[in-house]
Amino acid sequence: MIRICENHLRPFVKEHELEQLATQLAVAFDNLVEKKGPGNDFLGWVDLPVDYDQEEFERIKIAANKIREQSDVLLVIGIGGSYLGARAVIDALSPSFPNNGQELEVIFAGHQMSGDYLIDLMKYIEDKDVSLNVISKSGTTTEPAIAFRILREFMDQKYGVDAQDRIFITTDKARGALKELANQVGYETFVVPDDVGGRYSVLTAVGLLPIAAAGISIDELMQGAVKQREKALNFNLEENDILRYAGWRNVLLRRNYPIEILVNYEPSLMFFNEWWKQLYGESEGKDGKGLFPAGVNFSSDLHSMGQFIQDGARNMFETVLDFKHTRNEISIPQDEQNLDELNYISGKTLQEVNRTALEGVMLAHEDGGTPTIRLEIEKLDTKHIGALIYFFEFACGISGHVLGVNPFDQPGVEDYKRNMFALLGKPGYEEVTKKLQERLNG
């Protein structure tokens with residue numbers, strides 16, 4: 001379903017460099033498949049496409065239909081992996097513009113702490129029918145907890161006791177603040193699995209409920225992931241494109257290319273870039289190691305970042321998402337005056353022109369000294385997005401182990417939380433507060 005093309009990578013690397021990583025790739029592969037090694041208690045995602053709670057899966061579809069029937073808007077409250085995966089899929093597969101209220105609009109909140117955003121949001125939905133899905137394993141993560149406190153009050157004031165029927169909780173199966181609240185009030189709940197970390201959770205209820213509510217087939221999404229998993233589990237360095245991608249990333253890092261840029265050519269994939277950036281940044285950026293994950297949206301960013309990528313510091317490589325077919329096709333018309341001098345491409349579709357731009361850019365960047373890994377995907381549709389999600393998840397686990405880090409923890413993010421809690425005056429942080437204030441005051 002996804003094919004790696006290496007012709008714009010070959011001038012910069014040698015095949016034997018990948019072969020020299022074969023032993024490390026084999027160990028990493030074994031760690032994932034046999035569920036061992038660092039972070040092995042967070043490997044539930046490896047078998048998720050074929051081993052999931054089918055009863056909950058059906059409940060997700062029922063709840064999604066209910067949301068679509070009763071609401072104009074679904075508010076999804078979450079941060080990081082609790083919203084990026086769902087937003088990536090919804091944006092990739094939905095129309096670019098709302099269609100006059102005929103379809104449910106999915107709006108995200110709780111991924112920042114902007115008062116302006118929440119106030120504008122509540123004004124926007126004031127006269128709309130609304131459902132709400134809050135996603136948090138603990139229920140106490142600051143950003144979504146604040147948003148839920150405010151928006152839950154909004155829902156209670158708008159619907160009274162009927163708000164209970166419009167709020168859906170995705171959280172721990174047995175404990176935590178949200179689970180306790182759901183038990184008290186009677187909200188319907190869905191599970192964040194214990195063995196799946198947030199950034200790997202898009203194919204759980206975390207991502208599936210908002211995606212299904214948006215009208216996207218979660219059956220097809222899982223089918224794509226199933227097919228990609230079948231390919232992933234074949235340990236053959238010549239044939240397994242996931243292993244090759246993970247291996248080449250590490251080869252390029254050792255060749256002093258510490259920055260990877262994910263490139264797409266469709267504006268609908270902007271948040272797919274964001275999901276990918278979290279997946280790789282949070283998984284690999286630790287112990288003083290890791291590739292820095294960046295993202296660009298071409299051809300737009302060719303007019304902003306293009307100069308640097310072409311002619312700046314030679315410390316980056318690109319991974320290009322090349323979708324052969326997109327959701328729609330439109331042809332460029334003939335014009336008698338031809339003042340814009342475009343008649344030479346009249347009759348071609350925009351997708352043909354877009355892919356030609358892709359090819360021209362890869363050639364130019366190769367000449368400029370930027371290696372490119374090209375991932376060729378047949379179509380921008382639900383099954384292929386499901387496959388691409390699994391492709392990157394499995395490659396991330398492999399690459400992290402080869403890099404020598406635990407790809408499934410995130411110790412660094414706790415540091416800012418500790419400081420924020422202390423400065424806000426959270427009980428139990430008094431000593432930290434004192435030290436931080438001394439530092440801030442010079």
Side-chain angles (χ1 to χ4, degrees), residues 2 4 6 9 12-46 80-81 84 196-201 232-233 235-237 240-263 273-295 313-319 370-373 375 388-415:
I2 299 165
I4 190 169
E6 302 170 359
L9 173 66
F12 304 92
V13 297
K14 304 296 182 186
E15 182 69 23
H16 70 80
E17 294 177 273
L18 185 63
E19 293 170 353
Q20 287 170 354
L21 287 178
T23 300
Q24 290 174 265
L25 290 167
V27 171
F29 180 89
D30 194 50
N31 282 342
L32 296 190
V33 174
E34 299 299 326
K35 295 184 172 57
K36 58 186 182 181
N40 64 80
D41 48 343
F42 286 100
L43 288 173
W45 58 270
V46 174
L84 278 172
V196 180
R199 57 191 178 273
Y200 292 85
S201 66
L233 296 183
F235 187 83
N236 183 317
L237 193 51
N240 189 327
D241 288 343
I242 294 179
L243 291 179
R244 296 188 72 83
Y245 170 65
W248 284 130
R249 296 179 76 250
N250 280 272
V251 168
L252 288 164
L253 177 61
R254 296 174 191 196
R255 276 185 168 266
N256 297 316
Y257 294 98
I259 299 171
E260 179 178 11
I261 303 175
L262 187 69
V263 180
N273 279 19
E274 296 302 308
W275 170 79
W276 175 88
K277 282 160 60 178
Q278 188 207 1
L279 178 65
Y280 281 83
E282 203 169 50
S283 296
E284 293 188 324
K286 58 198 72 166
D287 302 335
K289 302 176 182 179
L291 283 152
F292 183 82
R314 299 297 80 192
N315 59 355
M316 65 189 74
F317 68 95
E318 294 174 293
T319 295
T370 300
T372 296
I373 299 170
L375 299 180
L388 195 57
I389 287 168
Y390 195 87
F391 181 100
F392 279 130
E393 287 181 344
F394 201 90
C396 188
I398 295 287
S399 184
H401 280 305
V402 172
L403 188 63
V405 301
N406 177 353
F408 310 112
D409 66 356
Q410 53 279 340
V413 299
E414 301 306 319
D415 294 343

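Between W45 and F394, the ring planes lie perpendicular to each other; the angle is over 60°, past the 30° to 60° tilted range. Classified by interplanar angle (parallel below 30°, tilted 30° to 60°, perpendicular above 60°), the ring pair F12/Y257 is perpendicular.
The CG atom of N315 sits 11.0 Å away from the CZ atom of F292 when rounded to the nearest 0.5 Å. Separating the CD1 atom in I259 from the CG atom in L252 is a distance of 12.5 Å, to the nearest 0.5 Å. For the atom pair CD1 (I261) and CE (M316), the distance works out to 4.5 Å, reported to the nearest 0.5 Å. Separating the CD1 atom in I389 from the CG atom in L279 is a distance of 10.0 Å, to the nearest 0.5 Å. The CG atom of L84 lies 11.0 Å from the CG atom of N273; values are rounded to the nearest 0.5 Å.
A donor-acceptor pair under 3.5 Å links the side-chain atoms of Q278 to the main chain of G81, judged by distance alone. Checked by atom type and distance alone, the side chain of N40 pairs as donor or acceptor with a backbone atom of G37 at under 3.5 Å. Side-chain N or O atoms of E17 include one that pairs as donor or acceptor with a backbone N or O of K14 at under 3.5 Å. Between the side chain of S399 and the backbone N or O of A395, no donor-acceptor pair lies under 3.5 Å. Put simply, the side chain of Y390 gets close to the backbone of V46: a donor and an acceptor are under 3.5 Å apart. When atom types are taken as modelled, the side chain of S201 and the backbone of G198 share a donor-acceptor pair closer than 3.5 angstrom. Judged by distance alone, the side chain of D287 and the main-chain N or O of V405 form no donor-acceptor pair under 3.5 Å.
Annotation for A28 and V402: closest pair CB-CG2, 4.2 Å, computed over non-hydrogen atoms. Summarising the geometry of G404 relative to K289, their closest heavy-atom pair is O-NZ, 3.5 Å, with the distance given to 0.1 Å. Of all the heavy atoms in L43 and G39, the pair that sits closest is CG-O, 4.0 Å. Scanning both residues, P293 and W276, for their nearest heavy atoms gives CB-CZ3, 3.6 Å. Across A232 and N240, no two heavy atoms sit closer than the pair O-ND2, 2.9 Å. The two atoms that bring L18 and L237 nearest to each other are O-CD2, 4.0 Å, heavy atoms only.
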Would you please test L32 and H401 for side-chain contact (heavy atoms from CB on, under 4.5 Å) and show each step? CA-CA 9 Å; L32 296 190; H401 280 305; 4.1 Å; yes
R314 and T370: side-chain contact (heavy atoms from CB on, under 4.5 Å), yes or no, with the steps? CA-CA 7 Å; R314 299 297 80 192; T370 300; 2.7 Å; yes
side-chain contact (heavy atoms from CB on, under 4.5 Å) evaluation trace for W248 with F317: CA-CA 11 Å; W248 284 130; F317 68 95; over 6 Å; no
Assess whether side-chain contact (heavy atoms from CB on, under 4.5 Å) is satisfied between F235 and D30, documenting all intermediate values. CA-CA 9 Å; F235 187 83; D30 194 50; over 6 Å; no
Salt bridge (charged side-chain N to carboxylate O under 4.0 Å, His left out) between E15 and R244, intermediate numbers included: CA-CA 10 Å; E15 182 69 23; R244 296 188 72 83; 3.0 Å; yes
E260 and T319: CA distance, side-chain angles, deciding distance, side chain to side chain donor-acceptor pair (under 3.5 Å) verdict: CA-CA 7 Å; E260 179 178 11; T319 295; 2.6 Å; yes
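Considering only heavy atoms from C-beta on, Y200 comes within 4.5 Å of C396 through its side chain. Using a 4.5 Å heavy-atom cutoff, the side chains of I398 and L243 are in contact. Using a 4.5 Å heavy-atom threshold, the side chains of I2 and Y245 count as separate. Counting heavy atoms from C-beta outward, V13 and R255 have side chains that approach closer than 4.5 Å. With contacts defined as side-chain heavy-atom distances shorter than 4.5 Å, the pair L403/L253 qualifies. Counting heavy atoms from C-beta outward, D409 and K286 have side chains that approach closer than 4.5 Å. At a threshold of 4.5 Å between non-hydrogen side-chain atoms, the residues L9 and T372 do not count as touching. Considering only heavy atoms from C-beta on, Q20 stays 4.5 Å or farther from R254 through its side chain.
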